[in-house]
Amino acid sequence: MTSTYGDASTVVGDSSYRPMDELSATKGKGMDKATGPRRFASGQNAVANGFVAAIDHTVEERPFFVNIGKDGIIAALEKLDKQLLEAGRNRVLSKKSPTDWTGREVMPGRLGLINHGGSPKILTKPGRYPGFPLRNWWARSWKGTTGLSDTVIEFQGLTVVQVSQNQAAVISDPQNHIFVVKNAGFVAFAVEGTYDVLSIVDQTHLPTTVKDKLTGVVLGSTHEVKMKSKVSGRDEKEYVVATFLNIPASNCAILQKGDDLELLGAGQSVIINPSVTLRGLYTLGENQLEMPTKDIFTRDQVPVSLTIYLKWQLTEPLKLTTHGYNTPYDALRDKTQSILTQIVAHLDYSSMVKQRSLGPDNMEDGSDPSSAFLDALRTRAMDEMHEAALEYGIVLKDLAVIDRQFKGEIAATMDKLTTRALQAQVEAANVDRENSNKVKQEEGALSVTRIKAQAGNAQADAEAYRVIAAAKAQAQRTRIEAEAQAEATRLAAQADAEAIRIKADADAKVVDQFAREMELRRIEVSRVQAFGARTIFVPSDTGAQMGNAMALGMAASMGADARRAL
């Protein structure tokens, strides 16, 4: 954030008929040699307080100078012509009237320019203007036409300036006073000297971008308007007469006049006060940076170099500038170096050798060798840095040690030992990793075997279940078939019995004796046919005693025959 401008650079306030309107309304602090810090108001109050109270050449009264109002450039030219006439000088508006048949043509929207013996004459009405000898053109010469809305018109001492939005015209009057015109215009006739238009500036697109060299943050854009000046017949030199600033949001600029400082807020500004210099541009947003420190000696005289991570936000730029620092980094660098030197000077090499960073993951107990360094950084460095940064208007957001480098023979020896220890740790870690991989492989194989066994058991259970289910199905089928066969037999028996019963009932209903006799005969024939002609039928229903005697005799006869046969 170092200022791009030297102490001799002149800066100018916005003076488009409202001097220093572009100054920020934010109040800032300055440093008074006698009373110390004091506060200045910005904007209009800044002019009243004398901070930028230079002569405002924009609003001062000038002879034959007319502002262009809402009626336009023609009305302004008529007003200027009236002033010249009242002062007894030559008029700027020509009395010639246009025709429509011949002569020089002035189209609508343009002005005709005539050189009348070194004085300007302007034709404002469109039409044709006849030349010599039809009109009196003695001591007059036609110089062409120009656009009515042109930004700058300069002709024979007559100057017309018209600027639109976002434009600004830097003008030098006949007395070499500089003023700036914005969103307006004027017509002027210089009786002595000239009105010089030094530059027309586009305030929203200034060509020079200012960045912070350390963080790369865009601080704003600027443009310097210079004027050539010839001194004692020597070569011409350029001098800065106006500086335009375009400050983005959350940024600011510090202006200085003597020992007084003023805060200029975001926006478009142009400063012309030659007694005011631009101290610098600053950003009020958060910034972060890695900062290497100089060599610091431990208590046992081992040099160490640290790399610090800083995160900060500038809240009061005036405090920083009153302490003589151009950037927040300069202030934080000096204070950080001082505090770390005090901390490291009370620590041994062994208490710092392991620790490389400070953060929430490094909160260790007091038994660790690096705890002394961590505790010192946590309890002292951060607190002291935060308190010191507030004195410079800076809020310290974060502080961390991201790297350290030990130097010297002792450090080299310790680095070798540390390297060996690290190599041993790496080798041990590799062995542990290999063993862990082997264990994982065996565990994987065991898991595969277990899964296969579980799959076999599941398959056997499924097979057994299938067999049992088949047996149950077969038994169920046999039972169902037996029940069906029994039911069929029962139904057949019932049917036969029912048929016999029906037949018996039918036979019982036969009352004819001959029919009964014939039926008995038929039964006899059927029985003989069934058992053969030589079969002897013994009645058993009637004559039971005779039947029994015959049976006994037959049995005795059969027994006698059997004994004889033996």
Side-chain angles (χ1 to χ4, degrees), residues 361 428-566:
D361 297 333
N430 291 335
V431 172
D432 292 341
R433 191 179 298 107
E434 291 178 359
N435 293 336
S436 177
N437 292 336
K438 291 181 180 180
V439 170
K440 289 182 179 179
Q441 290 177 357
E442 294 297 331
E443 290 178 351
L446 180 60
S447 298
V448 172
T449 304
R450 185 182 298 110
I451 292 172
K452 288 183 178 180
Q454 292 176 355
N457 293 336
Q459 186 175 3
D461 293 342
E463 185 67 22
Y465 179 78
R466 187 182 64 80
V467 173
I468 292 173
K472 288 182 178 180
Q474 184 67 26
Q476 187 72 10
R477 178 186 174 208
T478 303
R479 183 179 65 80
I480 292 173
E481 290 179 351
E483 290 178 354
Q485 187 175 2
E487 183 67 16
T489 303
R490 184 179 63 81
L491 293 176
Q494 289 180 355
D496 292 343
E498 184 67 16
I500 293 171
R501 185 182 63 79
I502 293 172
K503 188 176 181 180
D505 291 341
D507 292 341
K509 292 179 180 181
V510 176
V511 295
D512 188 7
Q513 187 63 32
F514 176 76
R516 290 183 176 182
E517 186 66 24
M518 288 301 295
E519 183 63 23
L520 291 176
R521 299 289 182 183
R522 283 194 295 272
I523 292 173
E524 185 69 21
V525 171
S526 298
R527 184 169 55 183
V528 172
Q529 288 178 352
F531 294 100
R534 301 178 64 181
T535 303
I536 298 173
F537 296 97
V538 179
S540 58
D541 294 333
T542 58
Q545 294 179 356
M546 184 176 62
N548 290 334
M550 291 179 65
L552 290 175
M554 183 180 292
S557 176
M558 291 174 65
D561 292 338
R563 282 195 299 270
R564 283 195 300 269
L566 294 175

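Heavy-atom basis, side chains included; hydrogens, waters and symmetry copies ignored.
Within the structure, side chain to side chain donor-acceptor pair (under 3.5 Å) contacts touching residues 432-444 (residues at least two apart or in different chains) are N430-R433. Within the structure, every pair that satisfies the salt bridge (Lys or Arg N to Asp or Glu O under 4.0 Å) test and touches residues 459-476, not counting sequence neighbours, is listed here: E463-R466. The side chain to side chain donor-acceptor pair (under 3.5 Å) pairs that include a residue from residues 446-455 number zero, where partners must be two or more places apart or lie in different chains.
With sequence neighbours excluded, the residues forming a side chain to side chain donor-acceptor pair (under 3.5 Å) with E483 are R479, listed by chain and number. Residues passing the side chain to side chain contact (heavy atoms under 4.5 Å, CB included) test with Y465: none are found, sequence neighbours excluded. Residues satisfying the side chain to side chain contact (heavy atoms under 4.5 Å, CB included) test with Q459, not counting sequence neighbours, are none. Checked against salt bridge (charged side-chain N to carboxylate O under 4.0 Å, His left out), R490 has the following partners two or more places apart in sequence or in another chain: E487.
Other residues, nucleotides and ligands place more than 12 heavy atoms under 6.0 Å from the CD atom of Q494.
For the atom pair D505 CG and K503 NZ, the distance stands at 12.5 Å (nearest 0.5 Å).
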